[in-house]
Amino acid sequence: MNHYDYIIVGSGIAGLYVALLAIKHGSVLILTKGSIDDCNTKYAQGGIAVAMGEDDSPELHFRDTVAAADGLCDAVGVRILTDEAAECLADLIKFGIPFDTLNGEITLTREAAHSVPRVIHAGGDATGEHIEVTLSRQVRSSPAKVLEYCLATKILVDNGRAKGVRALDCRTELVEEYSCQFLILATGGVGRLFKYTTNSDVVTGDGVALAFEAGAEISDMEFFQFHPTVLRLPGVAPFLISEAVRGEGGILRNVEGRRFMPDYNPKAELASRDVVARSIVYEMMKTGSDRVFLDVTHLPPRLITTRFPHIYRFCLEHGLDITKVLIPVAPAAHYLMGGVKVNNWGETNITGLFAAGETACTGVHGANRLASNSLLESVVFGKRVVQRTETTERASPAPAPVIAGEAKQYHFLPDREPLSDMPPLSLPNLQALMWDKVGIIRSADGLTEAAKILATWWLSADKEKEGTSFLAPSDKPSYELNNLVLCARLMTEAALLREESRGAHFRTDFPQPSPEWQQHIIFRRRERAPLKI
Ligand SMILES: Cc1cc2nc3c(=O)[nH]c(=O)nc-3n(C[C@H](O)[C@H](O)[C@H](O)COP(=O)(O)OP(=O)(O)OC[C@H]3O[C@@H](n4cnc5c(N)ncnc54)[C@H](O)[C@@H]3O)c2cc1C
């Protein structure tokens, strides 16, 4: 078995940034299941939030982040996020990311729920592409070894310590095991769970599922963010129309051409994402349409073409000159706030196992992520992972994770009576179920129905894994589908338990937040060691 100091699974911003820091401390292997740049990172448009404007400060950024999180975030983590942002930005500049400047100063834009302009960007609205291209070029010319088209399928745990990973070479179908001192999951979120999504095909919750199976704690899975404004054109894959478009003055209109956001919230188009997404859904229901419109025709055309060149070009290629016509939009699945529970150093409850980026739940987003805080979280906590590996004695167990703040509830996935009459398991059926029953607007009835269907699918998948069926996962699609079903179960059961509405989690039967629910829901595999509650 080949051995490395660090094995990193994933090659988005979190994986590549961690790799570039880790190469100074030991040998590095990156496993990634597509080509190096298959990830969500390259689709990021808006940018990275960093408090650097004259009227801004880490304190103000801290306060905006806590306000968006809706009473659930880890305040210590948020303090780290906002205080250490500038240092990580300096790293990104050193690695060569060409952030946009004006007269030699980095330019800042404003996004919803940020009280001042604080979002830095590159190539106008092509921030993620510049990050991915630049970091992957750096990694390719570094001593780090990269194995593309290599799917991590199992975390190898020995005596309570993560020892390595099993992986499937998707091209040769050979299975190989690799051992390491430190295993870092940087596998991104779970956006492919839903019928309408902004996420890349590779974002199938693998890190969450692998960590759960290995005995790691999984937290806050009910908190999933839906982006309000995603292009809705027949035959065109969902394409994000950045928050920054509303930040620059874009107005939302219903199919009748009427501006509606002031009816729902005093902040109108700049209200938080969950409020805007829900308002759009209500407006679509009222008008019997599957879309609303984003209007930028009143803005100077030059502002649109220079500030949003990527969006402008994409829409133009699909027949829409957005300087002249309205943009049809609707909400779509976007970002997982929950994930593999880590402490402020990226450590999970399994010694030697770390998580960074969207797959990790650091607690900084709480119930709702502030726009442009996720790229930042990936680098701030990614850096801390590497710092931690340098301060931990290599062979000694890592201390138990401590997440400051609110109370926690620990749960196992419940057994549910299998259903006999239900749709067969397939990716489209799973995505439709999640969109309809576990989406933007939830209720006990829909969640219960989804929970039963998912449990039945899971039972059959579990049997397959035990080898009692010829359908045991053996290739990339079947592994991914298994991982998605497990993540769907974690999300649905958590959403059912949380009898309140908070942040991105909204239930019609419990429409208000409840002080009793100012706590995190954490799942862990049943047959693991007794829990300390
Ligand atoms: C359209 C869009 C726009 C966005 N805009 C912004 C923005 O402006 N600002 C912001 O802060 N955030 C934004 N976000 C969110 C942000 O882009 C992501 O949260 C962030 O890029 C996640 O980075 P990551 O490295 O954790 O994961 P990703 O970039 O998704 O990378 C995950 C990697 O893991 C690999 N992988 C997964 N499973 C396995 C496995 N089993 N084996 C091997 N490899 C595996 C994948 O192939 C991929 O390389 C946006 C997201 C989207 C989708």
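Order of listing sets the numbers, starting from 1, for every ligand and every atom in it. Keep in mind that the numbers below use all heavy atoms, side chains included, and drop hydrogens, waters and symmetry copies. Numbers here simply count residues along the sequence, with the first being 1.
At a threshold of 4.0 Å, the pair Arg388-Glu347 counts as salt-bridged, since one of the basic side-chain nitrogens sits closer than that to a carboxylate oxygen. Remark: Glu377 does not engage Arg369 in a salt bridge, criterion side-chain N to carboxylate O under 4.0 Å. Ion pairing between Glu87 and Lys383 holds under the 4.0 Å rule for side-chain N and carboxylate O. Using a 4.0 Å cut-off between charged side-chain N and carboxylate O, Arg79 and Glu84 make no salt bridge. Ion pairing of Lys341 with Glu217 is present here, as a side-chain N (NZ or NE/NH1/NH2) and a carboxylate O approach within less than 4.0 Å. Ion pairing of Asp201 with Arg192 is present here, as a side-chain N (NZ or NE/NH1/NH2) and a carboxylate O approach within less than 4.0 Å. Under a 4.0 Å N-O distance rule, the pair Glu317/Arg313 does not qualify as a salt bridge. Between Lys163 and Asp158, none of the side-chain N atoms (NZ, or NE/NH1/NH2) sits under 4.0 Å from a carboxylate O, so this pair counts as no salt bridge.
Nearest-residue assignment for atom 53 (C) of ligand 1 (options Thr198, Leu240, Asp206; heavy-atom criterion): Thr198. Closest heavy-atom approach to atom 29 (O) of ligand 1 within the set Leu147, Thr41, Leu31, Ile13: this belongs to Thr41. Nearest-residue assignment for atom 18 (C) of ligand 1 (options Glu358, Lys476, Arg369, Glu243; heavy-atom criterion): Glu358. Considering each of Cys39, Gly47, Ala44, the one bringing a non-hydrogen atom nearest atom 9 (N) of ligand 1 is Gly47. Comparing Gly357, Ser374, Gly382 against atom 15 (C) of ligand 1, the shortest heavy-atom distance belongs to Ser374.
Ranking protein heavy atoms by distance to atom 37 (C) of ligand 1, first place goes to Thr187 O, 3.3 Å. What sits closest to atom 27 (O) of ligand 1 on the protein, heavy atoms only, is Gly188 CA, 3.4 Å. The closest protein non-hydrogen atom to atom 42 (N) of ligand 1 is Ala152 N, 2.9 Å. Scanning the protein for heavy atoms near atom 35 (C) of ligand 1, the closest one is Gly10 CA, 3.5 Å. When only non-hydrogen protein atoms are considered, atom 52 (C) of ligand 1 lies nearest to His334 CE1, 3.4 Å.
Considering backbone and side-chain N/O atoms, Ala14 comes within less than 3.5 Å of an N/O atom of ligand 1. Here's the thing with Lys33: one of its N/O atoms is less than 3.5 angstrom from an N/O atom of ligand 1. In terms of polar-atom proximity, defined here as any N/O pair under 3.5 Å, Leu375 does make such a contact with ligand 1. Looking at Asn40 next to ligand 1, an N or O pair under 3.5 Å apart turns up.
Contact atoms of ligand 1 toward Asp38: 46 (C), 47 (O), 48 (C), 49 (O) (distance under 4.0 Å to a heavy atom of the residue). Close contacts between ligand 1 and Asn199 involve ligand atoms 53 (C) [criterion: under 4.0 Å to a heavy atom]. Atoms of ligand 1 found under 4.0 Å from any heavy atom of Val9 (numbered from 1 in listed order, with element): 40 (C), 42 (N), 43 (C), 44 (N). Close approach of ligand 1 to Gly46 (heavy-atom distance below 4.0 Å) involves ligand atoms 8 (O). Near Cys150, the atoms of ligand 1 lying under 4.0 angstrom from a non-hydrogen atom of the residue are 42 (N), 43 (C). Interface of Tyr335 with ligand 1, defined as ligand atoms under 4.0 Å from a residue heavy atom, comprises 19 (O).
Note on ring orientation: taking the six-membered ring where Trp is involved, the planes of Tyr6 and Phe182 are tilted (angle from 30° to 60°). The aromatic rings of Phe226 and Trp435 lie perpendicular to each other, with more than 60° between the two planes, well past the 30° mark.
The only option from Ile36, Asp37, Ile131 that meets the side chain to side chain contact (heavy atoms under 4.5 Å, CB included) definition with Leu16 turns out to be Ile36.
Judged by the shortest distance from any of its heavy atoms, Ser372 lies inside the 4.0 Å radius around the atoms of ligand 1.
Taking the six-membered ring for Trp and the full ring otherwise, the centers of His365 and Tyr335 sit less than 6.0 Å from each other.
Both tests pass for Arg232 against the ring of Tyr196: distance under 6.0 Å to the centre and angle within 45° of the axis.
Within the 4.0 Å heavy-atom criterion, the part of Ala186 lying near ligand 1 is the backbone and not the side chain. Under 4.0 Å from ligand 1, the heavy atoms of Gln45 that appear belong solely to its backbone.
Cys361 places none of its side-chain heavy atoms less than 4.5 Å from the side chain of Phe223.
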